[in-house]
> 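If you scroll down you'll find the structure; I have some questions about it.
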Amino acid sequence: MGAKKILSYGRFVVVMLLVAYLILVWMYFKDNARQLTSSGLLLWFVAIPLLFVGVIMMLLWWQKRLNSQEREALDSTGAKSDKKAPVKLPDTYQLFIYSRVCLPEGDSWSDVVDNDEDLTVLSEDLMDMDGLPILTKPIARLTDAASLPYAYLYDDSLADSDFDDNEDTHTEHMPALNDVTLRLCSLVYEHLASSDEILYILAEHFHQYHKNNNTQPNSAIDVHPEWQQHYLASASEENSQPDNESANDSSNDDTLSVSAGTSLAKLPIYLCLPASADSALLIAAIKEQLATYGIPEALLSIEVIPTDDVTIKNNVEDSIEDNVELDGSHGIHGPSKFINRYLIPLSQSSAPELCLMLIADSQINEEWLDAHMYSNSAFNVIPTEAGALLVFSNQAAQDVLNIDSSASILLTEICAPSPKDSDVKNNNKRSYFQHLTAIKNLLINNNLSLSPTDTTALKTTDKPTTKPKKESSDIKDKTNNKTNVSLADMSITTISDINPLKQPYDLSTYMNFLEAFIAKGALVNEHHLGHYMPLNNWLSPFISLSLFVNMVEKNQQESDEIFLVTQHKHCSMLWLADFSQTPES
């Protein structure tokens with residue numbers, strides 16, 4: 001920098017000397033014009049000024065040469081730094097997902113997406129402010145609450161009475177439950193009844209696990225993990241038997257310990273309900289129905305998550321669901337916090353783990369109308385109802401249970417920096433653009449062939465001294481898994497939880513995001529599912545996820561790649577179908 005400044009100042013000085021010289025020479029020969037000859041004209045007004053100009057040009061060339069040398073040095077340094085510090089890819093987590101959805105349009109992807117019927121009906125019980133019946137969109141195929149086989153719905157006195165077991169008697173003696181609870185009972189029953197396959201698999205697994213566990217109540221599997229090896233060693237020394245018998249016993253102990261280490265000990269259930277529902281009665285209904293499959297109440301761990309919006313607005317840009325803490329035992333803020341708190345740790349666990357998530361909501365009741373119907377943001381909204389059941393499991397649980405109807409999904413969380421100024425709405429728009437840009441680069445650079453990050457060593461309980469893999473090795477593994485498949489002529493199905501009617505700006509941003517895939521020659525078919533359940537920020541992403549899983553399970557031959565993008569407050573979730581894990585038929 002010192003040489004450049006000297007050259008700059010020197011050039012300035014030479015220019016000023018040239019100007020001063022020309023002024024002085026002109027003033028001299030103005031008064032002494034007779035002394036100016038042709039040779040003097042060339043000398044004083046041509047040769048000497050050209051000498052000054054030459055010095056100026058030389059200084060300018062020298063400065064440009066220094067600038068070019070500095071630029072080349074910076075470029076070479078930047079290239080070296082890029083080679084030494086590769087861009088860190090976001091972590092990708094593998095989940096196996098089983099799903100069932102319940103919407104007025106249907107229970108599967110084809111039923112819902114291809115349904116063009118008018119499903120709205122005039123309510124006989126709900127009126128608007130003018131006393132006229134309002135339009136609603138119920139799930140017509142749900143079983144009426146009075147016909148459900150739930151014992152707790154009826155008075156205890158019926159057990160000793162002589163009443164006939166018919167619908168009229170049940171309706172007459174049902175306790176005074178609100179309309180929301182009764183309707184959600186029907187939704188819960190429908191979801192569990194449509195999930196017979198996986199519930200029977202879980203029941204059989206729990207039966208075998210506890211059968212083995214109860215055969216030897218004093219075995220090592222009932223001892224604290226830190227004392228298991230000591231217990232086995234002492235037991236083998238104390239119970240000395242003939243060779244054959246000891247060999248048989250040791251093999252039995254090994255079988256039991258392996259069974260205990262590769263089995264599911266309980267079934268966590270996350271029940272997402274509106275606050276107006278009677279959660280205690282719905283929990284009793286779930287326990288009663290699961291008991292019919294052979295899953296005892298002692299194995300269930302049920303947590304209720306309230307899903308009522310903290311804002312009436314459905315637009316994700318204006319939602320503050322992630323900023324306001326909802327009431328709950330663990331203070332879950334929203335769907336993205338649920339994913340980070342439960343699903344990502346589940347996928348990282350080396351032990352078999354799964355959880356069942358059941359979301360249900362009904363807007364066709366007086367309570368919802370009083371709270372939402374007459375607000376500005378809910379103007380012209382048709383009250384409806386919906387539900388989704390999802391079972392999330394990791395690789396270890398999939399190996400144990402081998403659920404054929406579960407789809408392998410790769411989850412990647414894309415986050416943007418938190419907004420720092422007061423213009424939250426514009427920041428949210430800008431964040432979504434940043435999320436989609438990151439997702440676009442991730443998918444195109446890796447040709448839609450992501451691989452899960454290996455972090456199972458972080459949660460291994462039997463090897464506490466095991467060191468996790470280095471970050472650089474994860475990056476190298478992901479790079480090596482990159483395929484050479486071109487995006488040209490590839491059929492891609494993209495799904496989002498955008499509501500086209502409420503989020504035109506986000507829809508435009510998403511369409512621009514898809515243009516990058518189309519420019520690569522891919523055949524892109526997009527679907528937007530955020531309008532199936534308005535005014536519920538939990539059902540919007542998880543119904544989209546449930547339908548996405550259903551499509552992956554049933555229609556994977558129609559697309560080479562399928563992915564879903566769900567939008568959240570400060571992040572977006574990329575759900576990519578992992579066809580490499582699809583079971584062979």
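In what follows, every heavy atom counts, from backbone to side chain, and hydrogens, waters and symmetry copies are set aside.
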> When you measure from the side chain of Asn550 to the backbone N and O of Trp109, does any donor-acceptor pair fall under 3.5 Å?
yes
> Donor-acceptor check, side chain of Ser195 to backbone of His191, threshold 3.5 angstrom: yes or no?
yes
> Find the distance between SG (Cys415) and NE2 (His568) and round it off to the nearest 0.5 Å.
10.0 Å
> Return the minimal non-hydrogen interatomic distance between Leu369 and Pro383, and the atom names on each side.
CD2-CG, 3.9 Å
> Report the C-alpha separation of Glu526 and Met511 in whole Å, then their side-chain angles, then the decisive distance to 0.1 Å, and conclude whether the side chain to side chain contact (heavy atoms under 4.5 Å, CB included) test is met.
CA-CA 9 Å; Glu526 81 279 355; Met511 297 306 294; 3.7 Å; yes
> For the backbone of Gln398 and the side chain of Asn402, can you confirm whether one donor and one acceptor N or O come within less than 3.5 Å of each other?
no
> Can you tell me if Ser347 uses its side chain to pair, donor with acceptor, with the backbone of Asn394 under 3.5 Å?
no
> For Phe548, run the side chain to side chain contact (heavy atoms under 4.5 Å, CB included) check against Leu529, Ile543, Ile495 and tell me which one passes.
Ile495
> Any donor-acceptor pair under 3.5 Å linking the side chain of Asp361 with the backbone of Asn536?
no
> Could you tell me how the ring of Tyr510 sits relative to the ring of His528: parallel (under 30°), tilted (30 to 60°) or perpendicular (over 60°)?
perpendicular
> Is Lys266 salt-bridged to Glu353, cutoff N-O under 4.0 Å?
no
> Mark yes or no for whether Ser544, through its side chain, and Ser540, through its backbone, hold a donor-acceptor pair below 3.5 Å.
yes
> I want to check something: taking the side chain as every heavy atom from C-beta on, are Leu545 and Asp497 in contact at a cut-off of under 4.5 Å?
no
> I would like to know whether Asp578 and Ser408 meet side-chain hydrogen bond (donor to acceptor under 3.5 Å, both in side chains); could you show each step before the answer?
CA-CA 5 Å; Asp578 182 17; Ser408 177; 3.3 Å; yes
> Hey, could you give me the CG/CG distance between Leu436 and Asn512, rounded to the nearest 0.5 Å?
9.5 Å
> Tell me if a side-chain donor or acceptor on Gln503 pairs with a main-chain N or O of Ile498 at a distance below 3.5 Å.
no
> Less than 4.5 Å apart, side chain to side chain, heavy atoms only: is that true for Pro268 and Glu303?
no
> Between Thr437 and His435, is there a side-chain donor-acceptor contact under 3.5 Å, judged purely by atom types and distance?
no
> Do Leu184 and Leu282 have side chains that approach each other closer than 4.5 Å (heavy atoms only, starting at C-beta)?
yes
> Taking all heavy atoms of Trp538 and all of Met357, pick out the closest pair and write down the distance.
CZ3-CE, 3.6 Å
> Between Phe338 and Tyr342, how do the two ring planes meet: parallel, tilted or perpendicular, split at 30° and 60°?
tilted
> Could you walk me through whether Leu576 and Thr412 pass the side chain to side chain contact (heavy atoms under 4.5 Å, CB included) test, one step at a time?
CA-CA 8 Å; Leu576 177 66; Thr412 306; over 6 Å; no
> What closest approach, in Å, do Leu103 and Ala386 show between heavy atoms, and which atom pair accounts for it?
CD2-CB, 3.3 Å
> Under 4.5 Å between any side-chain heavy atoms of Asn340 and Glu413, yes or no?
yes
> Which residue, Leu267, Val400, Ile295, forms the side chain to side chain contact (heavy atoms under 4.5 Å, CB included) with His205?
Val400
> Can you find a pair of side-chain heavy atoms, one from Leu135 and one from Leu122, that are under 4.5 Å apart?
yes
> Would the distance check show the side chain of Thr453 and the main-chain N or O of Thr92 forming a donor-acceptor pair, the cut-off being under 3.5 Å?
yes
> Would you say the side-chain atoms of Ser108 and Asp111 include a donor-acceptor pair closer than 3.5 Å?
yes
> Between Leu273 and Ile359, does the side chain to side chain contact (heavy atoms under 4.5 Å, CB included) criterion hold? Intermediate values first, please.
CA-CA 6 Å; Leu273 303 170; Ile359 313 173; over 6 Å; no
> Tell me if the aromatic rings of Phe96 and Phe392 count as close, with their centers under 6.0 Å from one another.
no
> Any heavy-atom pair between the side chains of Cys185 and Leu281 that's under 4.5 Å?
no
> Is there a side-chain contact between Arg141 and Asp107, using heavy atoms and a 4.5 Å cut-off?
yes
> Does Arg100 reach the main-chain N or O of Leu389 with its side chain, forming a donor-acceptor pair under 3.5 Å?
no
> How far does OG of Ser301 sit from CD1 of Ile269, to the nearest 0.5 angstrom?
8.5 Å
> Which pair of heavy atoms, one from Ile139 and one from Cys102, lies closest together, and at what distance?
CD1-O, 3.6 Å
> For Tyr293 versus Ala203, what's the shortest heavy-atom pair and its separation?
O-CB, 3.0 Å
> Give a yes or no on whether the backbone of Asp125 and the side-chain of Ser123 come within a donor-acceptor separation of less than 3.5 Å.
yes
> CD1/Ile562 to CG/Leu448 distance, rounded to the nearest 0.5 angstrom?
11.5 Å
> Measuring from Ser405:OG to Ile201:CD1, what's the distance to the nearest 0.5 Å?
6.5 Å
> Which distance, rounded to the nearest 0.5 Å, do you find between the SG of Cys571 and the CD1 of Ile414?
9.5 Å
> Go through Leu443 and Phe563 one step at a time and tell me if the side chain to side chain contact (heavy atoms under 4.5 Å, CB included) criterion holds.
CA-CA 10 Å; Leu443 294 178; Phe563 66 84; 3.9 Å; yes
> So Leu343 and Tyr93, do their side chains get closer than 4.5 Å, heavy atoms only?
no
> Can you run down the salt bridge (Lys or Arg N to Asp or Glu O under 4.0 Å) pairs that involve residues 180-198, sequence neighbours left out, and say none if there aren't any?
Arg183-Glu385
> Nearest heavy-atom pair of Pro149 and Glu288: which atoms, and what distance?
O-OE2, 3.3 Å
